[in-house]
Amino acid sequence: MTWSVAALTAVLLWSTAGPRALRAFQERRGASARAMLALWTLTTVAWLLACAVLLATLATRVMGPGVKAFVAACVDLFQAVQQNGAESGVAVAGLLGALGLARLGWTAVRRGRDRRAWTREHGRALASVGDRRVLHLNRVWLLEDPEPAAYCLPGRRFGIVVTRGALDRLTGPELRAVLAHERAHLNGRHHLLVTWTRLLDTAFPGVPLLRAAAREVPELVEWVADDHAAREAGPHALAHALGIMAGSRGPEPALSVTGACPVRRVSRQVRPARVTAGPGAYVLAALVVILPLVLTVLATALNVAVPHCDCVG
């Protein structure tokens, strides 16, 4: 039981203290935006896997070996929930985890259906009013809209969308920066990372770690795309483009060049922070992130290997 309690404690502790720890690492160690994006993504994946493994831990703890013990396991589970000790906590956590996973699946299906419907509708709109162009070696959709805007949508039929207002107001280097920014989103599949964190936050509301990830990841993907655009077109061209297009917004599911806080993004380009974290710091941070998952896997393995020993499960 000791390892099960330790695993449950680690998951609960990381669910509340994880956001502060990751932000402290970013600020004190000068971690890059790309590294922090990877850490936040790893954190959410490890958290979900740890919860799933905790569910398996509960199954090995309560059901014991063999499926034929199912009826007895149901009785044991009911009795465990009635108790006030650690067994009750594990059982309740398992039940909540099962409900959470079911909610995650339902939320994914519902959001996927809504996104596909919106994508079909937007695709028809682009085909009817948009015009295919090649700008700085980038194939884009051009919309006759006086407001300067640019965004991207994944998929072969979509890609980068730019308005006439952006072409009229941006200089050559600024337009190259905007296109490089959107191309970085597409190449990095940033829409999947943003969708993933928002899906988890919707499926498991009230979890501080997931709520923070849903805020941090959309901003970090913009920072990563900014860094790519700055390397290709220059930081000042990107900063000027962000200033010109600061008031525009793309459609909600798309990744727009004006996503996240433009003031912070311009500040990063004008006064870039020095990256001081080395490979060792990143490895240590990754190990801390996956520690709850390691403990849950270990607890499950011990429960399977020694299912009837109360001193280790």
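Source: prediction; values computed, not measured.
Residue pairs that meet the side chain to side chain donor-acceptor pair (under 3.5 Å) test with at least one member in residues 21-35, sequence neighbours left out, are Arg23-Glu216. Each side chain to side chain donor-acceptor pair (under 3.5 Å) pair with one or both residues in residues 140-152, not counting sequence neighbours, appears once here: His122-Tyr151, Glu144-Arg164.
Test Arg264, Met36, His228 against Trp223 for side chain to side chain contact (heavy atoms under 4.5 Å, CB included) and you get one pass: Arg264.
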* Between Glu222 and His181, is a side-chain hydrogen bond (donor to acceptor under 3.5 Å, both in side chains) present by the stated rule, with each step listed? -> CA-CA 8 Å; Glu222 297 299 335; His181 177 98; 2.8 Å; yes
* Verify side-chain hydrogen bond (donor to acceptor under 3.5 Å, both in side chains) between Trp196 and Thr41, making sure each step is shown before the conclusion. => CA-CA 9 Å; Trp196 166 253; Thr41 304; over 6 Å; no
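A distance of 11.0 Å separates CG of Leu142 from CG of Leu126, quoted to the nearest 0.5 Å. Once rounded to the nearest 0.5 Å, the distance linking CZ of Arg176 with CG of Leu170 reads 11.5 Å. Between the CG atom of Leu238 and the CZ atom of Arg265 there is a distance of 7.0 Å, given to the nearest 0.5 Å. One finds the CG atom of Leu167 at 5.5 Å from the CG atom of Leu135 (value rounded to the nearest 0.5 Å).
We find that Arg268 and Asp227 are joined by a salt bridge, their nearest charged nitrogen and carboxylate oxygen being less than 4.0 Å apart.
Between the Thr163 side chain and the Ala149 main chain, a donor and an acceptor come within less than 3.5 Å of each other. The closest donor-acceptor contact from the side chain of Ser267 to the backbone of Val263 lies at 3.5 Å or more, if one exists at all.
When all heavy atoms of Arg157 and Gly123 are compared, the pair lying nearest together is NH1-CA, 4.5 Å.
Surrounding CZ of Arg124 are more than 12 heavy atoms belonging to other residues, nucleotides or ligands, all under 6.0 Å away. With a 6.0 Å radius and a threshold of 12 heavy atoms from other residues, nucleotides or ligands, Arg20 has its CZ atom at or below the threshold.
At a threshold of 4.5 Å between side-chain heavy atoms, the hydrophobic network of Ile, Leu, Val, Met, Phe, Trp and Tyr places Trp40 and Val283 in one connected group. Cluster membership for Val297 and Leu287, using ILVMFWY side-chain heavy atoms within less than 4.5 angstrom, is shared.
By the ring-ring contact (aromatic ring centres under 6.0 Å, His included) test, Trp14 is found to be paired with no residue, residues two or more places apart in sequence or in another chain being considered.
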